[in-house]
Each structure stands twice: as C-alpha cells, then as structure tokens.
Amino acid sequence: MITLLDYGAGNVRSVINAIESLGGHVKVVSRIDDILSAEKLIFPGVGNFGNMMRILNEKNYINPLKDYLMSDRPFLGICLGLHVLFENSQESTDFEGLGLIPGHVKKFDVNLSVPHIGWNGIHLKKSSEFFNGLCGDEKFYFVHSYYAVTEDNSSVLTSTNYGIAFVSSIQKGNIIATQFHPEKSGDAGLRLLQNFLAPPGEQKEAIYVKGQTILAKRIVACLDVRANDNGDLVVTKGDQYDVRENGAVRNLGKPVDLAERYYDEGADEITFLNITGFRDFPLEDMPMIDVLKRTSKHVFVPLTIGGGIRDYTDKDGRQYTALEVAAEYFRSGADKISIGSDAVFITEAYLKTGKKTGRSSIEQISRVYGAQAVVVSIDPRRIYITSPDKVKHQVIETDTKGPNKERYCWYQCTVKGGREGRNLDAITLAQVCQELGAGEILLNCIDRDGTKSGYDIELINAIKNAVTIPVIASSGAGNVEHFYEVFSETGAEAALAAGIFHRKEVPIGEVKHYLNDKVETR
Ligand code: 1PR
C-alpha cells in the first residue's frame, strides 16, 4: 500500500492514476497517524514552497514527516517534495525546510528561458534500484524555476544540465526525491514508479551516460474543444478560428480518444482549449473537468487546460475566483492552466495604473501554484501599417508585405476566440503577463491558424525577444519542415499543431522522425 501526502498541491491525481495504472493501491493521508504508519510514502509537490510549508505547518505534518524520514522507510518526494527536504528556499524565505539534506533551493539564473519546462535527461551519480531497467538516456519531464543545491554530494543521485548542472534527484538510504515528475514522464517515468513500488530486490548495473543532458524541443498536440449544435463535446478545428463548415461545427473526434491517441503517438504535451469558455463557465456543467479526469487516467504526459478561466459570478450571484476554477482543474489532472481573454483585460487594466493589484487571475494562480503552472494563450492577428509612427503599439518590420505593400505591422490582441479586437499589441501583452507571474506563452496566430502555410516566424521571434519565459509556437503547421523551420529560425521551446494531427495528415511520429538528427527531441 502506498501512502500519499496530499497537502492540497496541484496534480496529485496524476500520481494516483500512475500508481493505480501499475496495479498499486493508494491511501491519501487524512491524519497524522497515516504518515507515521505508512509503509511507503509519496510526497508530490506542485506549486509554491512557502504555500506548501504554511499548509504543512497548519496541518501539523512537519514533525510526523520528520519522524517518518528519520525511520528510513521508503519515501519518494516529487518536485517540491524534493525541495522540502532541504534547509530553505529562495522561493519563500518565510519558512524553513525539513533540513534532512544540507543545502538550499535557489532560482535559476541562466541565459535560458525560466521556468525550465520540458523533457531533459539525467546523469546518474550513483547506482540505485530506482533506475533499474532504464538505459540512462531517457528524458523526464521538468517544470520548475527553482533547483536544489547541496554540499553533501553523497546524497546526489542524478544531475541534469540547464545552463548549469543541477541536482535532479537525491537518494539517502530509502529516501528518494526527484526534481522531475515521474508521473508525467511517459513510460520512463512509470518504470521509476514501478521500481519504487517493487519490494527491495537486487540492484541492476547502473548505466553512466557521458556528455551534457539537453532539453528537448516539445511537440504539443492541441485539442480545440466545444459543444456542437447537438450539445456533444467535440474536438473541432478552425480555419483562422472559424470552426464552421457548411454552417455546422467541424467534428474531428472525441477529446479523450484523441488525447489518448496522441499520447500513444509520442506527444510531449497535450493541450485542451475550451474555445467557448468565454461564453459559459467551467464550474457550471464542468464538461472539461470530466474530460481531464478521464484523460489523466491513461495519459502520463503533461496536460494543459484553457478556456473561461477568470473570476465569475453565476446567475444566482455566487462569486467564483479564477483560483477556484484553476484549483478544480489541477485536482482533475491538469498540470498547467491557460488564460486567454482574461489576460488581455488584466493587461489593459495594468497599463492604466502600472500597479500590480495581486488580485488578477495570473497573480492569484501563480502565487499558489507557481509561475510554471500558468500559461497565457495569445490570439493575435496582423494589422498592416505604412509606418511605425502610425500607432502607439510595438511594431515589427515584416518581409511578408501587406496588401498595399506595407512593410510594417503590429499584432492586435483579440478576446472571445478572435471575435473582438483590442487596442493592445501581443508583444506588450506577453511582457506584462510575464511581469505579473505567467510562466509560459502559448502563441497562436489567427492569420496562420489552419492554413498549413507554416508558423509566423516573425511573430514568434518578436515575442521570444521580448520575454524570458518559454514560448510555445502555434498555428499554421502543415508539414514536418514547418517544425524544423520554427525550431531553427526561432528560440521557441515548443511547437504546437492541431489540424494536421486530427486529420492524420502528418503523424506526430513522422514529425519526430524528421527532426531526429536535426533538433533535440524526446
Ligand atoms: O479566452 O480564456 O476563454 O480561452 C479560450 C481559448 O480558446 C484560448 O486559448 C484561445 O486560443 C482558444 N480559442 C478560442 N477560439 C478559438 C477558435 O479556434 N475559434 N482556438 C480558439 C485557438 C488555436 C490553436 C490551434 C492552433 C493550431 N486555437 O490552439 O490549435 O492554431 O492549429 P493548426 O495546427 O491547425 O494551424 P479564454
């Protein structure tokens, strides 16, 4: 029996689903004795260090946890479940860690995008049953802005490179903890969990891999979801955001079925966008909650969900915060949430005052769940102008001339699924949202959406040059070359596609095969 310490973190459901998919049984801690009497304890932590320590203190779990760790019974800490073992963290200086491992947690200060999001390798520093059956060149899923530093090298199990070499897992006796998420690292991750579940046995020969580990470029499958005219929830796909064909909503399949197909095909991440979320309310009839719960049962790569995330007052006057919506999504299996229209309204308000209120959905959710869990989805369209001084927006000079040979354009932000253009440019939006605590940009492009004419390289470079958080390029993929183009001509960390995957025109496997010797992929 596995005992799982859920302090209210984000995505505990995926850890439970992963263990149950391996035939394990999970008991979630509900009182102190559950910790003290545990045979094997798993501590998954997603979110903010300070928030985690505050809750552990409130629940009086600190001493029982220390007692359990001192008993050297099997323990697996994941992400914050690694940081908690150290003395303190730069993420929040209000609280001390458990101090089991001498050292501290600090923020990445590297010339790369932060958070460190994606699939990266590991360097084994000592042999361990935990890695039995692995050949050492597997990649695992990381999503964090802070990493652990220790003087006690004997406890370091693996390191990983991201600008620097950092501790990606530790082992001290039967206590193991990973910075990466085994429950979201596909088959390789499931193998680690299997090894943790297994009774102590013989330790297979450890495989030490030479050279630097490299963060892979991510291939993301996107499912634009809405109810069709019969009220069925379908995956649809727009052409420049128009999802109707002969008046009917295009129906390209069932969300859970397609998600499972893309997992099997090797997608690195799967994104669900409730494209009419601005119209309805996620916690009302909760169609997407059910999709998430069913998907996370069998899909062990990161899931992002977007659509309608905002503060909301329902018809009975009941007020909901965006944080409540996000919390429900995280508890249902999401690893990241994506904010679209509300990010535009938040930015407009911020630009009026220049002051952070701390109350915006971006600030609320990143404060509790960490910046790495907050994606901002941008829906821009090009507006051509004859010269930059015609507008007060951030403008680019473009090689793709306008209808009247204009050499300049700006990218107008839209809300409500491209239905309403706003007096705001995409570059400014991205910069303000990073400032407010967003951890990643999902950069769509209405002009390119569904056109199969390739990604808007100029837009992606403009945004990449303006922010230091990762950017997912989206819209326009038509063939495998378009993926190579976006990864070789921009610094985008990931490339997303929809139509060509739904219509089986270009399988994910073919994209990865083509990129194989050109770009680092998983
Ligand atoms: O504004 O917070 O309620 O969120 C709504 C979400 O739904 C936003 O993330 C917005 O991008 C998305 N959305 C709204 N309307 C549409 C539409 O298509 N009518 N889809 C829409 C966004 C863009 C991509 C698409 C790529 C790749 N879809 O996600 O999948 O363009 O397509 P391709 O590879 O076929 O070219 P809120």
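One is the number of the first residue; the rest follow in order along the sequence. Ligands are counted one by one from 1 in listed order, and the atoms in each one are counted from 1 as well. Below, each value reflects all heavy atoms present in this structure, side chains not excepted, and no hydrogens, waters or symmetry copies.
One finds no salt bridge joining D399 and R407 here, because no Lys/Arg side-chain nitrogen approaches an Asp/Glu carboxylate oxygen to under 4.0 Å. A salt bridge links R422 to E348: one of the charged nitrogens lies within less than 4.0 Å of a carboxylate oxygen. With salt bridges taken as basic N to acidic carboxylate O contacts below 4.0 Å, one links K512 and D268. With respect to the salt-bridge test (charged N to carboxylate O, under 4.0 angstrom), the residues D232 and R226 do not qualify. No salt bridge links D425 with K392; every basic N to acidic carboxylate O contact stays at or beyond 4.0 Å.
Residue contacts with ligand 1: G476 is placed with a nitrogen or oxygen under 3.5 Å of a nitrogen or oxygen of the ligand (distance criterion only). For ligand 1, the polar-atom distance check finds an N/O of Y241 within less than 3.5 Å of one of the ligand's N/O atoms.
Both the backbone and the side chain of I275 come within 4.0 Å of ligand 1, judged by heavy-atom distances. Counting heavy atoms under 4.0 Å from ligand 1, residue K452 does not touch it at all. The residue D242 has no part lying near ligand 1, judged by heavy-atom distances below 4.0 Å. By the criterion of a heavy-atom distance under 4.0 Å, the side chain of C222, and not its backbone, is placed next to ligand 1.
The nearest protein atom to atom 34 (O) of ligand 1, hydrogens excluded, is given as A498 N, 2.9 Å; this is a heavy-atom distance. Looking only at protein heavy atoms, the nearest one to atom 35 (O) of ligand 1 is G499 N, 2.9 Å. Looking only at heavy atoms of the protein, atom 4 (O) of ligand 1 is closest to G307 CA, 3.4 Å. The protein heavy atom nearest to atom 9 (O) of ligand 1 is S377 OG, 2.7 Å. In terms of protein heavy atoms, atom 24 (C) of ligand 1 is closest to N444 OD1, 3.4 Å. Here the protein heavy atom with the shortest distance to atom 26 (C) of ligand 1 is S474 OG, 3.2 Å. If you check which protein heavy atom lies closest to atom 2 (O) of ligand 1, you get G340 N, 2.9 Å. In this structure, atom 10 (C) of ligand 1 lies nearest to the protein heavy atom D379 OD2, 3.1 Å.
Those atoms of ligand 1 that come under 4.0 Å of a heavy atom in L496, given as number and element, are 26 (C), 27 (C), 30 (O). Close approach of ligand 1 to K237 (heavy-atom distance below 4.0 Å) involves ligand atoms 25 (C), 30 (O), 32 (O), 33 (P), 35 (O). The distance from ligand 1 to the heavy atoms of G308 drops below 4.0 Å at these ligand atoms: 2 (O), 3 (O), 37 (P). Residue A497 has at least one heavy-atom neighbour below 4.0 Å for each of these atoms of ligand 1: 34 (O). Against a heavy-atom cut-off of under 4.0 Å, S475 is close to the following atoms of ligand 1: 26 (C), 27 (C), 31 (O), 36 (O). Near G450, the atoms of ligand 1 lying under 4.0 angstrom from a non-hydrogen atom of the residue are 33 (P), 35 (O), 36 (O). Remark: ligand 1 atoms within the under-4.0 Å shell around heavy atoms of D449 are 25 (C), 26 (C), 27 (C), 31 (O), 32 (O), 36 (O).
If you look at H144 and Y162, their ring centroids are not closer than 6.0 Å. Aromatic rings of Y411 and H393 (six-membered ring for Trp) have centroids beyond the 6.0 Å cut-off, not under it. Ring pair F330/Y369: centre-to-centre distance below 6.0 Å. Two rings, from Y147 and H83, have their centers 6.0 Å or more apart.
Under the 30°/60° scheme for interplanar angles, the aromatic rings of Y141 and H181 are found to be tilted. Using bins of under 30°, 30° to 60° and over 60° for the plane-to-plane angle, the ring pair Y262/F501 lands in the tilted bin.
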Checklist entry - Going through the checks in order, is the salt bridge (charged side-chain N to carboxylate O under 4.0 Å, His left out) test met by E269 and R522? => result CA-CA 11 Å; E269 283 189 21; R522 175 178 75 105; over 6 Å; no

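For the residues G417, S341, A473, G306, the heavy atom positioned nearest atom 37 (P) of ligand 1 is part of S341. Of the options I500, I339, D224, V220, the smallest heavy-atom separation from atom 25 (C) of ligand 1 is shown by D224.
Atom CZ of R359 has 12 or fewer neighbouring heavy atoms from other residues, nucleotides or ligands inside a 6.0 Å radius.
T490 and N461 share no side-chain donor-acceptor pair at under 3.5 Å.
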